[in-house]
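One structure is given here, and the rest of the page talks about it.
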There are 2 protein chains.
Amino acid sequence: MNKTKVRNLAATRVTASTHADPLQSLDRIDRAILRQLQTDASISNVALAAKVKLSAPACLRRVERLKESGLIRGVVALIDPKAAGAGMLVIIGVVLDRSTPESFAEFEKAAQKVAGCMECHVVTGEFDYFMTIRTRDSDSFNRLHAEQLLYLPGVRQIRSFMVLKEILSTTRFPL
Amino acid sequence: MNKTKVRNLAATRVTASTHADPLQSLDRIDRAILRQLQTDASISNVALAAKVKLSAPACLRRVERLKESGLIRGVVALIDPKAAGAGMLVIIGVVLDRSTPESFAEFEKAAQKVAGCMECHVVTGEFDYFMTIRTRDSDSFNRLHAEQLLYLPGVRQIRSFMVLKEILSTTRFPL
DNA sequence: CTTGAAATACTACTACG
DNA sequence: CGTAGTAGTATTTCAAG
């Protein structure tokens with residue numbers, strides 16, 4: 001009885017507050033669901049329900065609540081880069097010529113169109129941007145570098161850090 | 001009839017060769033499937049089949065083949081970091097004291113245990129490693145920095161690049 | 001080796017207690 | 001939240017290209 005009350009409260013808080021720390025308002029079961037779905041979301045709802053020791057409808061309701069609350073941003077298939085012929089990863093530090101809003105906007109617009117660009121972030125420190133780019137091999141990166149990166153607008157300097165070994169690369173979020 | 005021949009060839013190559021460029025051996029339908037699943041894998045198989053203009057069983061077989069071939073590494077739920085109370089992203093460049101195998105191994109082992117560490121790569125250039133870490137805010141990062149990062153084994157220097165704005169962050173692979 | 005149609009088994013989903 | 005019932009889906013079988 002009391003147990004039920006606590007669960008409802010927890011579930012309500014999720015949908016209510018998107019800010020603060022929504023993670024704190026998740027109970028043990030919600031966390032177990034998120035952990036599982038972050039690892040393998042192709043699991044069926046009944047199997048998931050069994051894992052978290054819940055009935056199927058109750059489990060489904062929680063999953064849908066987590067999606068609607070925005071905590072689960074989406075469910076996607078991950079492609080193995082190496083198998084897809086893009087085993088090379090390069091991290092790029094970019095310094096712009098001028099630090100004007102126009103300069104930044106122009107660069108960002110162009111950067112998103114760079115083939116294989118997976119990430120692009122504005123950062124503090126000695127660089128203006130960090131980008132990560134997936135490509136096939138050093139030849140293809142060299143081509144990309146010469147044909148696209150060097151022509152990005154307003155760029156003063158580009159420093160490339162070739163990734164020799166990927167120790168860790170996860171989409172999983174610690175709960 | 002020629003069309004069928006090409007498709008068969010394509011499908012065979014996928015399961016056969018994991019190297020080379022498996023993407024080249026995928027036909028139009030496989031690419032459409034991958035594009036869709038990378039965007040939203042929560043779609044039902046019948047809906048996916050309709051999108052790629054195929055019968056449900058045929059579509060399901062292709063999806064399973066793509067999984068078995070390793071091209072689809074997995075299907076996962078993505079959590080919104082901000083909603084999960086980890087809206088801050090920091091990129092860290094690490095320089096080790098000594099460049100010995102033991103030194104690298106020890107660091108890598110410890111780095112994977114850092115709370116919120118999403119990526120860790122060995123790189124060429126002025127750094128030995130790049131790591132990306134998700135955390136709540138500057139306070140929590142400062143704590144992490146003082147309590148964990150500074151105690152990573154064999155570290156000579158750590159340079160932090162705070163991410164001010166995430167322009168692009170995708171798991172989607174260009175096909 | 002693939003495709004699509006039909007049949008079966010299972011699952012998601014709804015209504016209700 | 002759980003139980004029971006319904007609708008829809010995944011999955012297998014099989015015949016055909």
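Letters go in sequence order (proteins before strands), and every chain restarts at 1.
Across the protein-nucleic acid pair, Glu68(B) atom CD and dC1(C) atom C1' stand 15 Å apart, rounded to whole Å. dC1(D) atom P lies 5 Å from atom CG of Leu54(A), rounded to whole Å.
Not one side-chain nitrogen or oxygen of Arg61(B) sits closer than 4.0 Å to the OP1 or OP2 atom of dC1(C). Note on Arg65(B): every side-chain N or O is 4.0 Å or more away from OP1 and OP2 of dC1(C).
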Please write out the pairs of protein N or O atoms and N or O atoms of nucleotides 7-11 of chain D separated by less than 3.5 Å, giving the distance to one decimal.
from    : atom 1 : to       : atom 2 : distance (Å)
dA10(D) : OP1    : Asn45(B) : N      : 2.4
dA10(D) : OP2    : Val46(B) : N      : 3.0

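Hydrophobic clustering places Ile133(A) together with Met162(A) (ILVMFWY residues linked when any side-chain heavy atoms are closer than 4.5 Å, directly or through intermediates). With hydrophobic clusters built from ILVMFWY side chains whose heavy atoms lie under 4.5 angstrom apart, Leu96(B) shares a cluster with Val122(B).
Under the 4.5 Å side-chain criterion, counting only non-hydrogen atoms from C-beta, Gln157(B) is not in contact with Val94(B). At least one side-chain heavy atom of Gln36(A) sits under 4.5 Å from a side-chain heavy atom of Leu48(A).
When distances run from any side-chain atom of Arg62(A) to the nucleotides dC1(D), dG4(C), dT2(C), the shortest one goes to dC1(D).
The aromatic rings of Tyr129(A) and Phe104(A) are tilted relative to each other, their planes meeting at an angle between 30° and 60°.
Comment: Arg156(A) does not engage Glu126(A) in a salt bridge, judged by the lack of any side-chain N to carboxylate O separation of less than 4.0 angstrom.
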